[in-house]
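Every chain is numbered from 1, with letters handed out A, B, ... down the list of sequences.
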Number of protein chains: 2
Amino acid sequence: MGYSIGQVAKKTGLTAHTLRYYEKEGLLPFVKKSGSGLRVFSDSDLDWLVLIECLKGTGMSLKDIKQYIDWYMEGDSTLNQRLEMFKRQKLKLEEQMSQLQKHMEKINYKIAYYTEIIAHGSEGVFERNPELAAERKRVYGK
Amino acid sequence: MGYSIGQVAKKTGLTAHTLRYYEKEGLLPFVKKSGSGLRVFSDSDLDWLVLIECLKGTGMSLKDIKQYIDWYMEGDSTLNQRLEMFKRQKLKLEEQMSQLQKHMEKINYKIAYYTEIIAHGSEGVFERNPELAAERKRVYGK
DNA sequence: TCTTGACTTAGAGTTAACTCTAAAAATTAT
DNA sequence: ATAATTTTTAGAGTTAACTCTAAGTCAAGA
């Protein structure tokens, strides 16, 4: 029916320390306590943790995640702020993904470059491999 | 012919403080100094900064970037280590991109959810919008 | 009941990556 | 030549996000 902090740690991959830290920072205002003071996590608390991990994984700070949770606690008057926050995060995420795509191209270039050098030595690597040379020009110009 | 630290800061978007910090950490062992001790960046130093930004942008720590640079300085005996490092980084990057894709789906769900609620109120939102309900089930299960 | 392991708190410590300060020296503009 | 701007250094300070410690409480098994 409820999970101990250790069980949640195992499920989420976070440590118990981190979960307590998140609570202290106001990210888990829903988690109940047993009569003797032990935390009791519900399935819905796990859902919140999934969302927190999602936002954290897209680069949102704990402070901004807390802002969202505070808006949530405030009720329907903050629906628009919450929608706008997700829209902003979506834009940020799209920017991030296209940036990663560019990084991937550079890394692919490096892999091709080193693979070629290791296979055949560095002399004339671009002459011997026109595609490599083209890629270099595309990425670095000149 | 050469750039001052301020010019490089402008070009790269990094601060002069950060550039000095990178140098101190061993990330810029190529940057020359003028007779009177001022840093003089070359175009090739800018290329290094581009690569550093790429690796940093894919989540590599400055310590690991320095390791790569140290290998580079060591010469051809480290070609394989450098290739393997880029291959590892490529895997990490692929994992990252697929993770971001999943995060994007959750955020799209939230945007759809809040948009719907704001437009029509929360009652029966899933009944009125079967696609939203399906997405919820796909992402959260149950 | 005893023991073992999990949990509690407040608060201190750590790490990475900056970010800033101060005072002096170099460069550029007038 | 003078003034304003930029750069230099060593080293101190900051921030986010943990991460750990200590001393005590709680819970489950033999």
Note, B/Leu46 side chain near B/Lys11 side chain (heavy atom, < 4.5 Å): yes
salt_bridge(A/Glu105, A/Lys102) N-O dist < 4.0 Å: no
Sugar-phosphate, base or nothing in reach of A/Arg39, heavy atoms under 4.0 Å: sugar-phosphate
Partners passing side-chain contact (heavy atoms from CB on, under 4.5 Å) against A/Gln89 (at least two apart in sequence or in another chain): A/Leu55, A/Thr58, A/Met60, A/Lys92, B/Ile107
Atom-pair distance (NZ on A/Lys32; P on C/dC7), nearest Å: 19 Å
Atom-to-atom span, NZ of A/Lys33 to P of C/dT8 - whole angstrom: 7 Å
Rounded distance (Å) that lies between atom P of D/dG11 and atom NE2 of B/His17: 17 Å
Among D/dA27, D/dT8, D/dT19, the nucleotide that comes nearest once only the side chain of B/Leu38 is considered: D/dT8
Nucleic acid footprint by protein, nucleotides 12-17 of chain D - heavy-atom cut-off 4.0 Å, B for base, S for sugar-phosphate alone: -----B
Aromatic plane relationship, B/Tyr72 with B/Tyr68 - under 30° parallel, 30 to 60° tilted, over 60° perpendicular: tilted
Whole-Å distance separating the CZ atom of B/Arg20 from the C1' atom of D/dT9: 9 Å
Whole-Å gap separating P (D/dC18) and CG (A/Leu19): 10 Å
Touch class at under 4.0 angstrom, heavy-atom based, for B/Ser4 against every strand present: sugar-phosphate
Distance (rounded to the nearest 0.5 Å) between A/Arg82 CZ and A/Ser77 OG: 8.0 Å
For atom CD of A/Gln7 and atom P of C/dA6, their distance in whole Å: 11 Å
Separation of D/dT6 C1' from B/Lys10 NZ (nearest whole Å): 11 Å
Non-neighbouring partners of A/Asn108 that pass side chain to side chain donor-acceptor pair (under 3.5 Å), sequence neighbours left out: B/Lys90
Distance, rounded to the nearest Å, where B/Ile5 contributes CD1 and C/dT27 contributes C1': 15 Å
Residue met sooner reading DNA chain D from 5', once A/Thr18 and A/Gly37 are mapped to nucleotides: A/Thr18
Minimum-distance pair of heavy atoms, taken over all atoms of A/Arg128 and A/Glu123: NH1-O, 2.9 Å
Presence of B/Ser36 side-chain N/O under 4.0 Å of D/dT8 phosphate oxygens OP1/OP2: no
